[in-house]
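Being a predicted model, the structure only gives us computed values, none of them experimental. In what follows, every heavy atom counts, from backbone to side chain, and hydrogens, waters and symmetry copies are set aside.
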2 protein chains.
Amino acid sequence: MTVPPLEAHLGYWLRFVSNQVSHAFGLKLADRGVTVAEWVVLRELHGAEALAPSALADRLELTRGAISKLAERLVAKALVARAAGEGDGRFQSLALTPAGRALVPELALLADRNDAEFFGHLSQGERAQVEAVMREILRRHGLKSIPMK
Amino acid sequence: MTVPPLEAHLGYWLRFVSNQVSHAFGLKLADRGVTVAEWVVLRELHGAEALAPSALADRLELTRGAISKLAERLVAKALVARAAGEGDGRFQSLALTPAGRALVPELALLADRNDAEFFGHLSQGERAQVEAVMREILRRHGLKSIPMK
DNA sequence: TATTGTTATACTCTATAACTATA
DNA sequence: TATAGTTATAGAGTATAACAATA
């Protein structure tokens with residue numbers, strides 16, 4: 001029986017490259033004391049006044065438990081502050097602290113730099129095509145909450 | 001200061017899609033009692049009589065410790081057998097058991113199916129282009145040991 | 001009862017470092 | 001001393017499930 005090699009699967013290549021890219025980014029972020037998952041939360045909070053943990057969980061497609069743990073770490077680092085939500089007492093509110101708000105643009109530069117390192121050699125067209133393919137895959141799989149802008 | 005959204009980075013899309021693809025594959029493999037990392041080791045061993053842990057570590061770009069742990073799990077599942085290497089007594093030899101050898105083609109079908117689910121809608125040309133982009137990135141970053149076939 | 005959030009637990013994946021055995 | 005391998009430890013990332021508070 002003929003077994004296709006690992007490299008026959010596009011999923012293999014994607015996983016390999018994605019791991020490299022994320023790992024390299026993680027090393028850059030580590031200098032600033034945050035992880036990739038934490039960066040994603042910080043960036044998401046930067047776009048809003050405040051968000052409830054459940055709203056974050058929805059947007060990032062993580063469980064509430066996972067968000068809770070990430071939030072705990074970010075609060076410990078004084079980058080995020082917790083507050084009681086208004087009205088319905090079950091809701092919490094997560095918002096960037098001034099330190100967190102100041103940090104996000106710096107981390108964004110690291111993200112830019114990392115992307116440039118791995119994808120900078122591609123033409124605009126190539127980048128757009130890869131992005132289009134990825135968006136289409138997510139769309140087909142009914143993945144919600146990706147801002148299609 | 002304007003901060004680019006997460007979606008401005010190709011690395012973000014890659015990570016998102018790659019995680020989805022790997023997770024879906026992981027669910028399929030879980031039915032057969034193996035993980036994605038274990039599958040990669042099994043597939044690698046399928047192409048050879050036997051391999052030393054250090055050879056596997058080189059090919060898969062993992063540490064010897066990581067390989068040791070994966071091998072331990074695969075041995076516990078009776079899919080891989082350990083033997084003493086010949087000559088130099090420091091070397092071990094890892095090889096598929098008959099059960100392991102029989103399982104690999106079945107897992108390969110799952111890999112085919114998973115790839116088809118996520119990438120089947122792409123044209124041959126699109127698939128080839130994405131793969132070419134990924135290979136080029138790995139090449140530029142001096143990543144060794146990817147069989148360029 | 002249903003929902004929000006936290007906490008406890010667990011597992012994969014991976015790394016680093018200490019250690020053993022062999023060379 | 002150098003190399004192959006194992007083991008111990010750790011931490012990120014994530015999930016599920018049990019639980020508390022609120023509705």
Side-chain angles (χ1 to χ4, degrees), chain A residues 12 15-16 18-30 32-42 50-77 80-94, chain B residues 12 15-16 18-30 32-42 50-77 80-94:
Chain A
Y12 172 81
R15 174 170 168 268
F16 207 117
S18 172
N19 285 348
Q20 298 285 339
V21 173
S22 287
H23 183 242
F25 185 34
L27 291 178
K28 293 182 179 72
L29 289 176
R32 301 319 206 64
V34 301
T35 68
V36 174
E38 288 166 8
W39 150 251
V40 171
V41 171
L42 291 173
L51 286 173
S54 52
L56 271 174
D58 283 350
R59 293 185 188 212
L60 304 178
E61 305 211 51
L62 296 174
T63 60
R64 281 172 297 146
I67 291 292
S68 200
K69 206 161 146 182
L70 286 168
E72 181 191 11
R73 265 154 45 186
L74 290 168
V75 168
K77 291 174 187 175
V80 165
R82 255 190 259 261
E86 33 230 54
D88 192 325
R90 289 171 301 185
F91 282 79
Q92 294 265 315
S93 148
L94 297 173
Chain B
Y12 171 81
R15 174 170 166 269
F16 207 117
S18 171
N19 285 349
Q20 297 285 340
V21 174
S22 287
H23 183 242
F25 185 35
L27 290 179
K28 293 182 179 72
L29 289 176
R32 301 320 206 62
V34 301
T35 67
V36 174
E38 289 165 7
W39 151 251
V40 171
V41 171
L42 291 174
L51 287 174
S54 53
L56 271 173
D58 284 350
R59 294 185 187 212
L60 304 178
E61 306 209 52
L62 296 174
T63 60
R64 281 172 297 145
I67 291 292
S68 198
K69 207 160 147 183
L70 285 169
E72 180 192 12
R73 265 154 45 186
L74 290 168
V75 167
K77 292 175 187 175
V80 164
R82 254 190 258 262
E86 33 231 55
D88 193 325
R90 289 171 300 184
F91 282 80
Q92 293 264 315
S93 149
L94 296 173

- Task: Could you tell me which residues satisfy side chain to side chain donor-acceptor pair (under 3.5 Å) with A:Ser22, sequence neighbours excluded, listed by chain and number?
- Result: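 Here no residue qualifies.
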- Task: Using the test side chain to side chain donor-acceptor pair (under 3.5 Å), find all partners of B:Lys28 that sit at least two apart in sequence or belong to another chain.
- Result: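 Residues passing side chain to side chain donor-acceptor pair (under 3.5 Å) with B:Lys28: B:Asn114, B:Glu117.
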- A:Thr63 side chain N/O closer than 4.0 Å to the phosphate oxygens (OP1, OP2) of D:dA15?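 Checking A:Thr63 against D:dA15: at least one side-chain N or O falls below 4.0 Å of OP1 or OP2.
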- Message: With a 4.0 Å limit, can you tell me whether B:Ser54 has a side-chain N or O closer than that to the phosphate oxygens OP1/OP2 of D:dG5?
- Response: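 Yes.
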Taking atom [atom2] of [N] as reference, at what distance in whole Å does atom [atom1] of [X] sit?
X       : N      : atom1 : atom2 : value
B:Phe25 : C:dT12 : CZ    : C1'   : 15 Å
A:Phe91 : C:dA2  : CZ    : P     : 17 Å
A:Trp39 : D:dG13 : CH2   : C1'   : 18 Å
B:Glu61 : C:dT14 : CD    : C1'   : 14 Å
A:Phe16 : C:dT14 : CZ    : C1'   : 14 Å
B:Glu38 : C:dT12 : CD    : P     : 7 Å
B:Arg82 : D:dA4  : CZ    : C1'   : 13 Å
B:Leu94 : D:dG5  : CG    : C1'   : 10 Å

- Item | Residue whose nearest DNA chain C nucleotide is more 5′ - A:His23 or A:Ala66 |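 This one resolves to A:Ala66.
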Quick check for you: to the nearest 0.5 Å, what is the distance between [X] atom [atom1] and [Y] atom [atom2]?
X       : Y       : atom1 : atom2 : value
B:Lys77 : B:Leu42 : NZ    : CG    : 8.5 Å
A:Arg15 : A:Gln20 : CZ    : CD    : 11.0 Å
A:Ser68 : A:Arg73 : OG    : CZ    : 11.5 Å
A:Ser18 : A:His23 : OG    : NE2   : 12.5 Å
B:Trp39 : B:Arg32 : CH2   : CZ    : 11.5 Å

Any idea which heavy atoms bring [X] and [Y] closest together, and the distance?
X       : Y       : result
B:Leu94 : B:Ala71 : CD1-CB, 3.9 Å
B:Ala50 : B:Ser93 : CB-OG, 3.4 Å
A:Ala66 : A:Leu62 : CB-CB, 4.2 Å

- How is the base pairing of DNA chain D summarised as a dot-bracket string, given the Watson-Crick and G-U wobble criteria with both distances under 3.5 Å, [ ] for crossing and | for another strand? |||||||||||||||||||||||
Minimum-distance nucleotide (side-chain atoms of [X] versus [options]):
X       : options              : result
B:Arg15 : C:dG5, D:dT14, D:dT6 : D:dT14
B:Ala37 : C:dT14, D:dT6, D:dG5 : C:dT14
B:Val36 : D:dT6, C:dT6, C:dC13 : C:dC13

- Message: Could you work out, with salt bridge (charged side-chain N to carboxylate O under 4.0 Å, His left out) as the rule, every residue matching B:Arg82, not counting sequence neighbours?
- Response: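 Here no residue qualifies.
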- Query: Knowing that exactly one of B:Thr35, B:Leu70, B:Leu60 qualifies, which makes a side-chain contact (heavy atoms from CB on, under 4.5 Å) with B:Val40?
  - Reply: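 It is B:Leu60, the one option of B:Thr35, B:Leu70, B:Leu60 that forms the side-chain contact (heavy atoms from CB on, under 4.5 Å) with B:Val40.
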Atom pairs, protein N/O to nucleotides 17-23 of chain C N/O, distance under 3.5 Å:
unit_1: C:dA23; atom_1: OP1; unit_2: B:Gly89; atom_2: N; d: 2.6

- Query: Near DNA chain C, which residues from residues 67-76 of chain A have a heavy atom under 4.0 Å away?
  - Reply: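 When residues 67-76 of chain A is checked for heavy atoms under 4.0 Å from DNA chain C, the hits, listed by number, are A:Ser68, A:Lys69.
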